[in-house]
Amino acid sequence: MDAPRSTDNSTVIKYIGSKRLLVNQIVSLCHAAAPAGGSVIDLFSGTSRVGYALKSAGFAVHANDHNAYAHNLAMCYIQTDAPKLIDQAIKIIKDLNTIAAGNGREGFVTQTYCLNSRFFHPDNGRRIDAMREHIETLDLGPELKAVVLTSLIEAADRVDSTTGVQMAYLKSWAPRAHKRIELRIPNILAHPKHLECSAHQLDAIDAAQTLSANIAYLDPPYNQHSYLGNYHIWETLVRWDHPQVYGIACKRIDCKERKSPYNSKVKIADAFDQLIDSIDADTLIVSFNNEGYLGREQIETILAKRGPLVVLDRDHPRYVGCKIGIHNQSGKKVGKAGKMCNTEYFFIAGDGAHRVADAQRELVAA
Ligand SMILES: C[S@@+](CC[C@H](N)C(=O)[O-])C[C@H]1O[C@@H](n2cnc3c(N)ncnc32)[C@H](O)[C@@H]1O
């Protein structure tokens with residue numbers, strides 16, 4: 001059985017706060033702010049969609065995220081130079097699909113996420129267990145392992161039974177949960193000519209103190225919802241550490257301790273302020289929206305330390321959950337759907353701000 005290629009350009013997992021619809025604009029901003037062949041640090045890389053688009057556009061990208069699953073995606077889509085290992089990846093993913101064609105083997109995933117909770121159908125849970133155990137026996141190098149694990153995460157995401165976060169699962173199986181899991185070859189990229197790209201798993205402040213580039217792109221969390229809690233199953237699939245779990249969603253026990261200051265109303269302003277002071281880049285591009293813990297004026301005050309500042313805004317459709325509204329256990333609607341749109345901001349600070357402002361004026365005039 002051949003492994004199909006992914007039809008999407010970069011990672012396809014459902015991810016709250018992903019900049020999927022804004023990547024083209026971010027690439028344009030970077031082109032306006034920095035010379036061709038410039039470099040970008042993505043300090044909160046998440047799915048790596050932004051870094052992927054920048055790498056495709058010829059930037060040297062250095063991605064960072066403190067969660068292991070996001071680092072794994074960045075290893076696959078940012079750090080890996082496709083020509084070096086694509087043939088090996090295709091062979092391994094093909095073999096894994098042969099394993100997935102069988103009945104699998106009941107292990108941690110089946111027990112925890114299919115029987116104790118209902119994130120995946122048990123038929124797929126057994127296949128995920130068998131594939132993940134097999135990957136562990138292969139003794140792969142870090143980049144090849146990251147490509148294979150990304151393929152597994154993306155395949156599992158296509159047959160999950162959630163609304164896009166792993167805080168809860170659906171009461172009745174999502175139709176896609178009944179499909180047999182099938183891995184695809186991730187669309188990994190070659191490095192831009194003569195430019196290295198890298199992936200890091202550091203707290204943003206440590207990454208800011210370690211890395212330097214022409215541009216730093218910042219897309220921090222903006223409210224109380226922890227990404228580790230929202231995507232705890234991907235963390236476990238990558239770490240494969242069979243953690244103790246708790247609660248209905250069977251979250252990893254370390255979700256209680258591994259916290260980000262950006263999820264805290266009390267800590268976010270100081271953390272952001274210190275981060276901005278630590279970044280070694282001429283231009284900073286910050287994504288934020290009007291529903292976060294930091295207001296526009298607060299962000300402007302902090303960023304003004306970096307020199308000229310330009311702010312762009314645009315209305316953006318909100319996440320699917322708010323459109324559905326709030327339902328109780330039996331599926332009855334108990335709350336109203338929230339607003340359908342929020343305002344997404346780009347703050348551009350430092351040397352590139354004037355160049356971005358000029359480029360925007362030209363766009364408006366054209
Ligand atoms: C809004 S998401 C980024 C989304 C990303 N731009 C995309 O398009 O997929 C924020 C990311 O910040 C990461 N994060 C949260 N706190 C962090 C910290 N203190 N240091 C590094 N990464 C952090 C989370 O794991 C999450 O992936």
Side-chain angles (χ1 to χ4, degrees), residues 8-27 29-30 40-56 61-78 150 153-154 157 164-166 199-211 215-235 238-239 252 254-255 257-265 267-276 278-279 285-289 291-294 316 318-319 342 344-346:
D8 214 290
N9 286 335
S10 58
T11 183
V12 287
I13 60 166
K14 300 181 279 298
Y15 204 65
I16 207 160
S18 151
K19 295 298 172 284
R20 189 170 59 89
L21 300 174
L22 296 171
V23 283
N24 291 342
Q25 198 177 354
I26 297 167
V27 172
L29 292 175
C30 289
V40 185
I41 316 168
D42 182 358
L43 281 171
F44 301 87
S45 58
T47 60
S48 278
R49 276 188 176 115
V50 172
Y52 184 94
L54 290 166
K55 185 178 169 186
S56 317
V61 177
H62 306 288
N64 176 71
D65 198 290
H66 69 168
N67 285 324
Y69 68 86
H71 175 246
N72 185 87
L73 297 174
M75 287 284 284
C76 169
Y77 286 115
I78 307 299
T150 295
I153 289 173
E154 292 177 351
D157 186 69
V165 287
Q166 296 164 353
H200 306 266
Q201 189 188 344
L202 297 169
D203 191 274
I205 190 110
D206 297 324
Q209 286 163 358
T210 316
L211 303 168
I215 301 172
Y217 173 65
L218 286 74
D219 183 18
Y222 57 88
N223 64 19
Q224 75 277 22
H225 297 299
S226 144
Y227 277 85
L228 181 61
N230 273 337
Y231 299 103
H232 60 96
I233 300 176
W234 303 154
E235 189 75 2
V238 168
R239 290 183 181 261
R252 303 168 56 87
D254 61 3
C255 291
E257 276 120 44
R258 290 169 56 195
K259 302 275 183 199
S260 171
Y262 298 90
N263 295 129
S264 156
K265 203 172 187 173
K267 295 183 183 156
I268 189 169
D270 276 352
F272 186 67
D273 193 32
Q274 281 175 33
L275 182 61
I276 295 305
S278 309
I279 293 173
I285 301 178
V286 179
S287 281
F288 218 76
N289 75 20
E291 297 183 338
Y293 283 156
L294 290 177
H316 189 70
R318 293 179 85 224
Y319 195 69
N342 57 18
E344 287 286 344
Y345 294 116
F346 286 120

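Both ligands and their constituent atoms are indexed starting at 1 by order of listing.
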Do Ser45 and Tyr217 pass the side-chain hydrogen bond (donor to acceptor under 3.5 Å, both in side chains) test, and can you show the C-alpha distance, the side-chain angles, and the key distance before you say yes or no?
-> CA-CA 9 Å; Ser45 58; Tyr217 173 65; over 6 Å; no
When you look at Asn289 and Glu344, which way does the side chain to side chain contact (heavy atoms under 4.5 Å, CB included) test go after all the steps?
-> CA-CA 4 Å; Asn289 75 20; Glu344 287 286 344; 3.9 Å; yes
With a 4.5 Å heavy-atom cut-off, do [X] and [Y] have their side chains touching?
X	Y	answer
Asn72	Met75	no
Cys30	Ile285	yes
Ile13	Leu73	yes
Asn67	Trp234	no
Tyr77	Arg49	no

Under a 4.0 angstrom heavy-atom cut-off, which atoms of ligand 1 come close to [X]?
X	value
Ser260	15 (C), 16 (N), 17 (C), 19 (N)
Asn67	25 (O)
Gly17	1 (C), 4 (C)

Specify the protein heavy atom at minimum distance from [atom]: its residue, its atom name, and the distance to 0.1 Å.
atom	value
atom 8 (O) of ligand 1	Lys19 N, 2.8 Å
atom 7 (C) of ligand 1	Thr47 OG1, 3.4 Å
atom 20 (N) of ligand 1	Ala204 N, 2.9 Å
atom 1 (C) of ligand 1	Tyr227 OH, 3.1 Å
atom 11 (C) of ligand 1	Asp65 OD2, 3.5 Å
atom 3 (C) of ligand 1	Phe44 O, 3.2 Å
atom 19 (N) of ligand 1	Asp203 OD2, 3.1 Å

For Leu54, which of Val40, Val23, Asp42, Ile215 qualifies under side chain to side chain contact (heavy atoms under 4.5 Å, CB included)?
->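 By the side chain to side chain contact (heavy atoms under 4.5 Å, CB included) criterion, Leu54 pairs with just one of Val40, Val23, Asp42, Ile215: Val40.
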Backbone or side chain, does any N or O of [X] fall under 3.5 Å from an N or O of ligand 1?
X	value
Arg49	no
Asp219	yes
Pro220	no
Tyr217	no
Asn64	no

What part of [X], side chain, backbone, both or neither, has a heavy atom within less than 4.0 angstrom of ligand 1?
X	answer
Ala70	neither
Ser45	backbone
Tyr222	neither

Given side chain to side chain contact (heavy atoms under 4.5 Å, CB included), test Val50 with Asp219 step by step and report yes or no.
-> CA-CA 10 Å; Val50 172; Asp219 183 18; 5.7 Å; no
From CA spacing to verdict: side chain to side chain contact (heavy atoms under 4.5 Å, CB included), Arg252, Arg258 = CA-CA 10 Å; Arg252 303 168 56 87; Arg258 290 169 56 195; 4.2 Å; yes
[X] to ligand 1, any heavy atom closer than 4.0 Å:
X	answer
Leu202	yes
Ser287	no
Pro221	yes

Which one of Tyr222, Phe288, Tyr15, Tyr262 satisfies the ring-ring contact (aromatic ring centres under 6.0 Å, His included) criterion with Phe44?
-> Tyr262
If you measure from atom 14 (N) of ligand 1 to every heavy atom of Arg20, His66, Lys259, which option wins on shortest distance?
-> His66
List the steps and the verdict of side chain to side chain contact (heavy atoms under 4.5 Å, CB included) for Ser264 and Lys259.
-> CA-CA 9 Å; Ser264 156; Lys259 302 275 183 199; over 6 Å; no
What about Tyr69 and Tyr227, are their ring centers closer than 6.0 Å?
-> no
